[in-house]
Number of protein chains: 2
Amino acid sequence: MSKVNTQMIDEERAKFLRYLTKAGRRVSHGREIVFDQVMRAHGHFTAEELARGCLEKKLKVSRPTVYRVLYDLLEAGVIRETAFGDKHRHFEHVYDEKPHHHAQCIRCHRFIEFPDRKEDEVYHPYLEKQGFKILGHEMHFYGVCRKCQDKEGL
Amino acid sequence: MSKVNTQMIDEERAKFLRYLTKAGRRVSHGREIVFDQVMRAHGHFTAEELARGCLEKKLKVSRPTVYRVLYDLLEAGVIRETAFGDKHRHFEHVYDEKPHHHAQCIRCHRFIEFPDRKEDEVYHPYLEKQGFKILGHEMHFYGVCRKCQDKEGL
DNA sequence: TTCCTAAATGATACACTATCTCATATGTCA
DNA sequence: TGACATATGAGATAGTGTATCATTTAGGAA
């Protein structure tokens with residue numbers, strides 16, 4: 001697991017470097033720090049959380065740079081954006097993650113993750129027919145989790 | 001169609017009034033204005049768009065009130081929140097809308113809507129087993145639309 | 001290695017969405 | 001109508017995310 005982990009990170013790093021080279025961009029200090037922090041992150045995280053983390057750890061990187069690198073990583077396909085209806089941008093890294101979806105409790109805002117199923121592909125033909133190039137998808141369930149139901153006495 | 005439309009709006013209004021009564025809240029001026037504007041809105045809209053619209057039309061309602069009433073409507077089930085990965089809150093009304101999903105172009109940010117399919121229900125048993133009470137769900141595809149592919153010369 | 005240039009960065013200010021506070025206005029019920 | 005709780009507006013404020021621009025740095029050329 002740990003070995004696989006390391007290997008996956010190396011692959012992601014290679015992917016990032018390939019992207020940077022191809023785009024004529026540099027392998028800078030800031031990009032290495034942020035890449036590292038992203039790889040250490042578990043589950044999903046917001047841009048602000050990551051930026052705050054970097055500042056608290058006194059890493060040599062500023063908030064604007066964290067944001068900039070996150071968008072690099074997004075374009076490079078190292079992280080993906082997950083869409084939840086609040087005002088923060090959520091990301092999660094692709095590495096070591098099986099495709100999965102999220103269910104979110106509208107009371108406590110906690111997430112449950114569940115694996116992707118191939119049934120989702122029923123939507124592909126419709127979109128492809130319109131010339132839409134699908135890069136990914138995400139299912140977002142919302143409702144009330146067991147704990148919050150208990151609290152409400154439902 | 002127009003008749004059905006009116007009927008649907010009346011039903012939504014009744015739903016809203018029931019919610020307000022039950023919650024011991026009042027049928028106020030601001031709530032009526034915002035309800036009306038929401039019903040006039042097509043497709044999905046952001047809170048800020050609606051607020052701006054009200055201000056521009058010089059309706060007697062302030063921005064904080066628009067936000068407050070939107071959350072009333074959310075709780076009443078008159079509108080639902082759609083989750084996209086930008087920093088604005090998106091809503092759409094439930095009235096006259098068949099369940100549908102969204103595909104969004106990552107370049108131009110435009111949406112394609114497509115109808116809900118019962119295959120989505122494969123996820124229900126898993127969530128219900130955990131005691132999660134499902135209130136709704138949304139599928140969000142992302143990719144590049146035909147126009148933007150053409151522009152990029154892909 | 002050193003120099004040169006374009007890219008990256010940080011400090012700062014700023015834009016924008018959304019929310020909070022609190023004094024005032026208004027709806028509801030007796 | 002009077003009393004009181006709820007709703008509202010004006011304005012301040014919080015928080016996320018961006019733009020600007022002077023300075024620093026990566027990385028290739030000499």
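Computed from a prediction, not measured in an experiment: that's the story for all the values here. To find a chain, count down the sequence lines: A is the first, B the second, and so on, and within it residues start at 1.
- Every residue two or more places apart in sequence or in another chain that forms a side chain to side chain donor-acceptor pair (under 3.5 Å) with E11(B) is listed here: Q7(B).
- The CG atom of L50(B) sits 14 Å away from the C1' atom of dT17(C) (whole-angstrom rounding).
- What separates CZ of R31(A) from C1' of dA8(C) is a distance of 7 Å, to the nearest Å.
- The distance from atom CD1 of I33(B) to atom C1' of dT26(C) is 13 Å, rounded to the nearest whole Å.
- One side chain, E138(B) or H102(B), offers a donor N or O that lies under 3.5 Å from an acceptor on the other.
- The aromatic rings of F16(B) and F35(B) lie parallel to each other, their planes meeting at an angle below 30°, with 60° marking the opposite boundary.
- Across the protein-nucleic acid pair, E48(B) atom CD and dT16(D) atom P stand 17 Å apart, rounded to whole Å.
- Between the CG atom of D72(A) and the P atom of dT18(D) there is a distance of 13 Å, given to the nearest Å.
- Residues forming a side chain to side chain contact (heavy atoms under 4.5 Å, CB included) with S62(B) (at least two apart in sequence, or on another chain): P64(B), T65(B).
- Residues passing the side chain to side chain contact (heavy atoms under 4.5 Å, CB included) test with H29(A) are I33(A), K60(A), sequence neighbours excluded.
- Take R25(B) and apply the side chain to side chain contact (heavy atoms under 4.5 Å, CB included) test, not counting sequence neighbours, and it matches Y19(B), L20(B), A23(B), R31(B), D72(B).
- In this structure, E32(B) places its CD atom 11 Å from C1' of dG27(C), rounding to the nearest Å.
- Spacing between atom CG of L55(A) and atom C1' of dT9(C) amounts to 14 Å, rounded to whole angstrom units.
- E32(A) meets the salt bridge (Lys or Arg N to Asp or Glu O under 4.0 Å) test with no other residue; sequence neighbours excluded.
- Summarising the geometry, the separation between CD on E49(B) and P on dT17(C) is reported as 9 Å, rounded to the nearest angstrom.
- In this structure, Y71(B) reaches the dT19(C) phosphate: one of its side-chain N or O atoms is under 4.0 Å from OP1 or OP2.
- When the ring-ring contact (aromatic ring centres under 6.0 Å, His included) test is applied to Y126(B), no partner is found at least two apart in sequence or on another chain.
- Axis angle across the helix from dT1(C)-dA30(D) to dA30(C)-dT1(D), with five pairs used at each end and values rounded to 10°: 30°.
- A search for side chain to side chain donor-acceptor pair (under 3.5 Å) contacts involving Y67(A) returns E48(A), not counting sequence neighbours.
- Remark: R117(B) pairs with E119(B) by the side chain to side chain donor-acceptor pair (under 3.5 Å) rule, at least two apart or across chains.
- Within the nucleic acid shown, A47(A) comes within 4.0 Å of sugar-phosphate atoms alone, with no base atom in reach, counting heavy atoms only.
- Remark: S28(A) is not in phosphate contact with dA7(C), judged by side-chain N or O atoms under 4.0 Å from OP1 or OP2.
- Remark: R63(A), P64(A), Y67(A) in residues 57-70 of chain A come within less than 4.0 Å of DNA chain D through at least one heavy atom.
- Residues of residues 17-26 of chain B that place a heavy atom closer than 4.0 Å to DNA chain D, in numerical order, are R25(B), R26(B).
- The side chain to side chain contact (heavy atoms under 4.5 Å, CB included) test applied to D10(A) returns T6(A), R13(A), not counting sequence neighbours.
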